[in-house]
Amino acid sequence: MAPQASAVEKDNLFIPLVDFSLFLNGTPAERTQAAESILKGFQNAGFIYLTNHSIPLPTVSHVFSTSAKFFDRPQPEKEAVGWTTPESNRGYTSHGREKVSILTDKDAVEAIRGQAPDLKESFEIGREGAEGTPNNWPSGDEAAKEFKETMLKFHDQCKVLHIEVMRAIAVGMGLEEGYFDGYTDVGDNTLRLLHYPEVKKDVFRNNKLQVRAGEHTDYGSITLLFQDNRGGLQVKSPDGTFVDAIPIPGTVVINAGDLLARWSNDTIKSTLHRVVEPPASDEGDVHPARYSCAYFCNPNFDRMIEAIQGTYGGEKGPKKYEPINSGNYLVQRLAATY
């Protein structure tokens, strides 16, 4: 068996680079090997990179350009489709409103927001047609129409990739391939478009606490991250250092979230990560803008989450967590963030 390719390898952090076509279209042995590589990546690093996944590169490029056009809109137009509540979790969030962190107390989050607000704006898109929580779409011109069509199609494509990755995790764990299908079929997931505006380099030099997005873990099962070529994502290593997760063209970076760690009885890791200023160049005094798209995957909001079979008992020990409702858990976590 050939050694596992790596996307990142530093300070005892090994993030594998997995050819997902081997799981999607390979022989039974290749499918099992790819599934085991994916599971091992989540167990050891909490992160993987997938190449040859099911979303074409031209599609991702079009989503990025369409996202950039939205963020170029006048501020009042963006504020008109603003984020409202954790229960809805849809719409536009302006610079500094959200502060991602490892904290769960709202007052503590507010304190660090005052010291170093996250330098980003975002737009959240949930499942279209969800009762009582409509998406906040821009309107009034052809660009708005194209934005809606593009993002709904991409949301559906990411939903399919979520299902495929969860099937790979099931195979890697020795479960039936469709074990998670009843948790992923509704698509209670959130597509987040992110814009980190250009920023003067001395902003980071003058405030050592300043980052583009503070260190945090994600809340749900997995997150699909599509990056531009600017860089800035860092993952915390076992040695306690933050290591650059460099962009690799054509890949999607996937990390496990807190709910999957809980679901797996902590056999899968939800790893701290952050977005900092990109690697410095000698040219100019400004870091260019950065764009990314994160697709936050969750179990269906009506499902109860408790330890997966095979992750507890005997030498593995007892269940560590009480069962929890997927939707309620997400709302609790979001409520402390905004």
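- The minimum heavy-atom distance between Ala294 and Leu194, with the atom names listed, is CB-CD1, 4.4 Å.
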Would you mind writing out the side-chain donor-acceptor pairs for residues 157-166 within the sub-3.5 Å range, not counting sequence neighbours?
from: Lys159; atom 1: NZ; to: Asp185; atom 2: O; distance (Å): 2.7
from: Glu164; atom 1: OE1; to: Ser54; atom 2: OG; distance (Å): 3.0

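- Residues that satisfy the salt bridge (charged side-chain N to carboxylate O under 4.0 Å, His left out) test with Lys10, not counting sequence neighbours, are absent from this structure.
- Contacts of Arg262 classified as salt bridge (charged side-chain N to carboxylate O under 4.0 Å, His left out), with partners at least two apart in sequence or in another chain: none.
- In this structure the side chain of Glu146 never reaches within 4.5 angstrom of the side chain of Glu142, judged on heavy atoms.
- No hydrogens or angles considered: a donor-acceptor pair under 3.5 Å links the side chains of Asp19 and Ser21.
- Every side chain to side chain donor-acceptor pair (under 3.5 Å) that Thr241 has, sequence neighbours left out, goes to Asp11, Ser237.
- Put simply, the side chain of Thr271 gets close to the backbone of Ala45: a donor and an acceptor are under 3.5 Å apart.
- Two residues are said to be in side-chain contact when any heavy atoms from C-beta on lie closer than 4.5 Å; Tyr295 and Asn189 meet this criterion.
- The closest side-chain heavy-atom distance from Pro138 to Glu77 is not below 4.5 Å.
- Evaluation of the salt bridge (charged side-chain N to carboxylate O under 4.0 Å, His left out) rule for Lys319 yields Glu306 as partners, not counting sequence neighbours.
- Distance alone, capped at 3.5 Å, is enough to place a donor-acceptor pair between the Ser65 side chain and the His62 backbone.
- Side-chain contact check for Leu259 versus Arg333: every heavy-atom pair is 4.5 Å or farther apart.
- Between Lys69 and Thr150 the shortest side-chain heavy-atom distance does not fall below 4.5 Å.
- Considering only residues two or more places apart in sequence or on other chains, Phe70 meets the ring-ring contact (aromatic ring centres under 6.0 Å, His included) condition with Phe123, Phe147.
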I'd like a table of donor-acceptor pairs (distance under 3.5 Å, sequence neighbours excluded) in which one partner is a side-chain atom from residues 307-318, with atom names and distances.
from: Thr311; atom 1: OG1; to: Ile308; atom 2: O; distance (Å): 2.6
from: Lys316; atom 1: NZ; to: Gly310; atom 2: O; distance (Å): 2.5

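- Remark: the backbone N or O of Gln33 is paired with a side-chain donor or acceptor of Ser37 at under 3.5 angstrom.
- Side-chain atoms of Ser326 and Asn298 form no donor-acceptor pair, as typed in the model, at a separation below 3.5 Å.
- For the atom pair NZ of Lys269 and NZ of Lys236, the computed distance is 12.0 Å after rounding to the nearest 0.5 Å.
- Counting only residues at least two apart or in different chains, ring-ring contact (aromatic ring centres under 6.0 Å, His included) contacts with residues 232-266 comprise Phe180-Trp263, Tyr183-Trp263.
- Side-chain N or O atoms of Ser88 include none that pairs as donor or acceptor with a backbone N or O of Thr85 at under 3.5 Å.
- Checking side-chain atoms of Asn300 against main-chain N and O of Asp302 turns up no donor-acceptor pair under 3.5 Å.
- Side chains of Arg167 and Arg31 form no contact here, defined as non-hydrogen atoms less than 4.5 Å apart.
- Put simply, the side chain of Arg290 never gets that close to the backbone of Asp228: no donor and acceptor are under 3.5 Å apart.
- Remark: side-chain polar atoms of Gln4 are paired, donor with acceptor, to backbone N or O of Leu17 under 3.5 angstrom.
- The six-membered or imidazole ring of Phe226 lies near that of Phe154, with a centre-to-centre distance under 6.0 Å.
- Every residue two or more places apart in sequence or in another chain that forms a side chain to side chain donor-acceptor pair (under 3.5 Å) with Thr223 is listed here: Asp218.
- Side-chain atoms of Phe301 and Val186, non-hydrogen and from C-beta on, never get closer than 4.5 Å to each other.
- The stretch residues 27-54 participates, sequence neighbours left out, in these ring-ring contact (aromatic ring centres under 6.0 Å, His included) pairs: Phe47-His273.
- For Glu176, the salt bridge (charged side-chain N to carboxylate O under 4.0 Å, His left out) criterion is met by no residue, not counting sequence neighbours.
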From CA spacing to verdict: salt bridge (charged side-chain N to carboxylate O under 4.0 Å, His left out), Asp188, Arg303: CA-CA 11 Å; Asp188 282 327; Arg303 296 302 302 260; over 6 Å; no
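- Atom CG of residue Asn328 and atom CD of residue Glu87 lie 9.5 Å apart, to the nearest 0.5 angstrom.
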Show me the donor-acceptor pairs within less than 3.5 Å that the side chains of residues 128-136 make with the rest of the protein, sequence neighbours left out.
from: Glu128; atom 1: OE1; to: Asn135; atom 2: ND2; distance (Å): 2.7
from: Glu128; atom 1: OE1; to: Trp137; atom 2: NE1; distance (Å): 3.3
from: Asn135; atom 1: OD1; to: Arg90; atom 2: NE; distance (Å): 3.2
from: Asn135; atom 1: OD1; to: Gly126; atom 2: N; distance (Å): 2.8
from: Asn135; atom 1: ND2; to: Gly126; atom 2: O; distance (Å): 3.1
from: Asn136; atom 1: ND2; to: Gly82; atom 2: O; distance (Å): 3.0

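- For the atom pair CD1 (Ile222) and CZ (Phe296), the distance works out to 12.0 Å, reported to the nearest 0.5 Å.
- Looking at Thr184 and Cys297, their side chains never come closer than 4.5 Å, going by heavy atoms from C-beta outward.
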